[in-house]
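Residue numbers start from 1 in every chain, and the chains themselves are labelled A, B, ... in the order their sequence lines are given, proteins ahead of strands.
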2 protein chains.
Amino acid sequence: MKYQFSNFSPAQFLQEYWQKKPVLIKGAFNSFDDPIDADELAGLACEAEIESRIIIKQDDKWHVEHGPFESFSHLSEQDWTLLVQAVDHVSVETAELIEPFRFIPNWRIDDVMVSFSMPGGGVGAHVDQYDVFILQGQGKRHWKVGLPQALTDKIPHPDLLQVTGFDAIIDAVLEPGDLLYIPPGCPHEGYAIEPALNYSIGFRAPDQQDLLSSFADYALQEECFKQRYADPSLTLRADNSQVSTAEIAQLRQLILSTVSDDTHFNNWLGCYLTQAKHELAIDPITPAYQSEDILEILQQVTHWHKLGGLRCLFIADNLFINGEAVSLNLAQHSFAKYLAQNQQYSSQQLNEFVQNLDNLQLLVALVNEGLIFVEDDSEF
Amino acid sequence: MKYQFSNFSPAQFLQEYWQKKPVLIKGAFNSFDDPIDADELAGLACEAEIESRIIIKQDDKWHVEHGPFESFSHLSEQDWTLLVQAVDHVSVETAELIEPFRFIPNWRIDDVMVSFSMPGGGVGAHVDQYDVFILQGQGKRHWKVGLPQALTDKIPHPDLLQVTGFDAIIDAVLEPGDLLYIPPGCPHEGYAIEPALNYSIGFRAPDQQDLLSSFADYALQEECFKQRYADPSLTLRADNSQVSTAEIAQLRQLILSTVSDDTHFNNWLGCYLTQAKHELAIDPITPAYQSEDILEILQQVTHWHKLGGLRCLFIADNLFINGEAVSLNLAQHSFAKYLAQNQQYSSQQLNEFVQNLDNLQLLVALVNEGLIFVEDDSEF
Ligand SMILES: O=C(O)CCC(=O)C(=O)O
Ligand SMILES: O=C(O)CCC(=O)C(=O)O
Ligand SMILES: [Co+2]
Ligand SMILES: [Co+2]
């Protein structure tokens with residue numbers, strides 16, 4: 001693991017801070033080495049599949065430009081930030097930044113946004129709905145963070161939801177390797193002092209509406225909930241305009257029974273939680289490898305990678321990858337766990353697992369889909 | 001009430017047949033008088049807002065044509081049926097056919113489909129998912145109905161889902177005033193012997209998927225379910241790829257809590273159950289009437305109608321009309337019940353209710369929206 005905490009205890013953090021209050025961990029990473037530099041980041045912001053924004057502050061006016069960008073020559077020496085989403089999807093090095101944070105369950109981890117700010121650059125004071133770790137890379141940035149408090153919204157530009165000001169409990173200049181944790185609902189703002197890179201390791205926390213809509217979409221797609229209202233015991237009533245309490249309860253029960261169906265609920269949940277929010281940089285293999293090809297490659301290389309941003313989760317004993325259920329037999333369980341729990345794989349380990357032909361087939365399929373790849377494709 | 005049962009006991013019917021088995025009630029209506037004739041029906045099938053089909057059988061081939069129609073001159077003297085949906089929405093006389101069936105709660109009643117068949121005409125043997133009463137008007141039609149049984153599907157035309165054959169427990173020639181009741185899942189087929197009108201009084205019975213999707217749509221629209229997953233008590237775990245049982249339960253609970261919210265559930269249900277499936281023939285009043293106008297009209301006419309197909313229901317003490325909640329104060333309850341329970345209103349009764357100014361305002365609004373109108377608009 002390239003990145004390792006030097007001055008940070010996950011167990012203590014969970015107990016005292018996670019989802020409770022913001023905290024600054026000075027020197028969380030010793031002699032921090034940026035996984036990406038400003039030029040590479042700017043390069044990514046020029047690619048069509050990558051979501052990026054530049055936020056510029058001019059006096060009291062805010063401007064927002066959306067990528068892909070063709071040039072950055074219009075930008076001055078100060079007061080702007082370039083933000084690039086889901087950089088872990090396209091930069092193996094940036095993806096490695098997530099590793100130390102996997103003491104939090106994988107399903108909660110979202111992706112890594114990277115910002116490059118010139119002095120004075122920032123997105124303005126705002127509140128997010130999700131937890132975030134903001135890691136300081138090169139340069140220095142002044143951050144303030146407050147506890148949840150009464151706030152006044154301000155929309156200085158249609159794409160920017162800010163707050164007018166807040167009482168801070170953290171007010172500090174971050175240096176390389178410093179780590180800020182901000183729970184949902186805590187106002188925060190950061191302005192660069194020197195040209196600065198910041199890495200935001202973001203989390204997911206679905207709300208009721210997200211969950212309900214996605215579950216309903218799944219039901220429509222799978223056509224699995226066909227039970228119809230029935231009332232064979234209907235009797236005469238005085239008031240034909242009233243939907244009776246018993247009828248309301250029965251209609252409600254018809255919905256509740258869909259959510260209570262374990263098989264469908266778990267299957268939906270696995271698909272839902274493993275869906276990528278930002279497009280994955282998937283590059284399928286054509287023509288597809290045969291089993292023999294994979295066995296040969298296993299002899300030639302030592303390291304394999306899971307595609308950046310690829311989500312692999314277990315719900316009970318069922319594996320889900322990238323929004324789909326993967327059918328497994330019992331003998332494949334430890335291989336599947338190995339795939340799901342790790343982001344990198346060794347040929348040595350894989351060689352043992354592929355003694356089982358179902359495992360070999362699964363590996364071949366994942367490699368061909370572009371979800372697992374070797375360190376350096378150019379070797380082949 | 002123009003149409004009244006002569007040979008039919010609703011209480012006994014509910015106990016023995018409703019949602020249990022098909023039954024033929026000979027002479028359910030004495031000397032039955034058709035509310036519409038074949039020419040009028042053909043006229044409706046020429047209107048753009050009205051859904052209609054012609055089904056033609058030629059030897060063993062089936063053809064389906066969709067309205068609106070411009071001419072019927074291509075049709076022969078036999079083997080075809082014209083079906084027109086929701087005729088009660090546009091024909092006050094046809095809407096009256098529903099009245100005797102209001103011993104079944106209003107929310108269950110859907111609409112009246114009318115078919116005109118030339119000798120040999122029919123839609124073929126098929127199964128429906130909803131209860132239906134098929135009332136024989138002019139002419140004679142030979143109907144067969146079976147109990148639910150193993151059936152083989154047959155799709156002789158992309159728009160026709162038929163079954164290959166079935167064992168019938170009813171096999172009879174229907175004459176004017178005869179009534180057939182068919183529960184969901186019972187195969188049936190009817191062929192005209194003489195040019196025949198049939199009236200299908202259909203029912204609604206939502207299935208799980210309908211309910212779930214509509215509830216989820218409501219949640220999206222109202223933005224009322226914003227509670228987000230939270231895990232302030234998170235602790236370290238061995239396997240970061242596993243979504244734990246407790247986490248699954250909490251995610252499920254987030255969905256269940258939306259369905260368990262009485263206020264939102266009831267409000268959604270009222271909107272859902274009062275939505276029209278086929279467009280209503282709404283004709284709003286322009287320029288809108290003032291209260292004085294309505295009070296004057298109340299002196300001039302004796303009868304008022306509820307728009308055909310308009311759905312008005314009570315969920316607990318809340319009134320819903322045409323997919324929307326109607327806010328009422330306590331003093332309006334009996335007026336609201338009067339509106340919901342009846343399809344026609346007398347000026348005498350309305351005059352008493354509109355002593356209350358809120359009631360007058362509600363009446364004015366409903367008349368202006370075109371949801372309640374006077375017998376003959378031309379008087380004004
Ligand atoms: O890096 C930035 O300027 C924005 C970071 C931030 O506000 C966040 O990740 O929540
Ligand atoms: O009138 C017809 O031909 C079709 C009637 C029918 O099958 C129904 O209403 O379910
Ligand atoms: Co933020
Ligand atoms: Co039918």
Which pair of non-hydrogen atoms, one from [X] and one from [Y], has the smallest distance, and what is that distance?
X      : Y      : answer
B:L256 : A:S260 : CD2-OG, 4.5 Å
A:Q208 : B:S257 : NE2-OG, 2.8 Å
B:L236 : A:A11  : CD1-CB, 3.8 Å
B:I255 : A:L212 : CG2-CD1, 3.8 Å

Output yes when a side-chain donor or acceptor of A:Q209 lies under 3.5 Å from a complementary backbone atom of B:K226, and no otherwise.
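No, the answer is negative, given that no donor and acceptor are paired below the 3.5 Å cut-off.
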Is A:R228 reaching over with its side chain to a backbone N or O of B:P206, donor-acceptor style, under 3.5 angstrom?
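Not at all, since once roles are kept as given, no pair shorter than 3.5 Å links the two residues.
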Salt bridge B:R252-A:D262, side-chain N to carboxylate O under 4.0 Å:
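A:D262 and B:R252: salt-bridged.
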Mind checking whether A:P105 and B:N240 have side chains closer than 4.5 Å, heavy atoms only?
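Sidechains of B:N240 and A:P105: no contact.
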Between [options], which residue shows the highest count of heavy-atom pairs closer than 4.5 Å to chain B?
options                        : result
A:K337, A:Q15, A:R102, A:K20   : A:K337
A:D131, A:L269, A:I104, A:V259 : A:V259
A:P184, A:P232, A:S214         : A:P232

State whether a side-chain donor-acceptor pair under 3.5 Å links [X] with [Y].
X      : Y      : answer
A:W107 : B:Q242 : no
A:R204 : B:Y229 : no
A:Q341 : B:D239 : yes

Contact part of A:R311 toward chain B, heavy-atom cut-off under 4.5 Å: side chain, backbone, both or neither?
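Neither the backbone nor the side chain of A:R311 comes within 4.5 Å of chain B.
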Value rounded to 0.5 Å, distance of OG in A:S241 from CG in B:N106
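Between A:S241 OG and B:N106 CG, I get 6.5 Å after rounding to 0.5 Å.
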Please flag which part of B:E247 lies under 4.5 Å from any non-hydrogen atom of chain A: side chain, backbone, both or neither.
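For B:E247, the side chain is the part near chain A, not the backbone.
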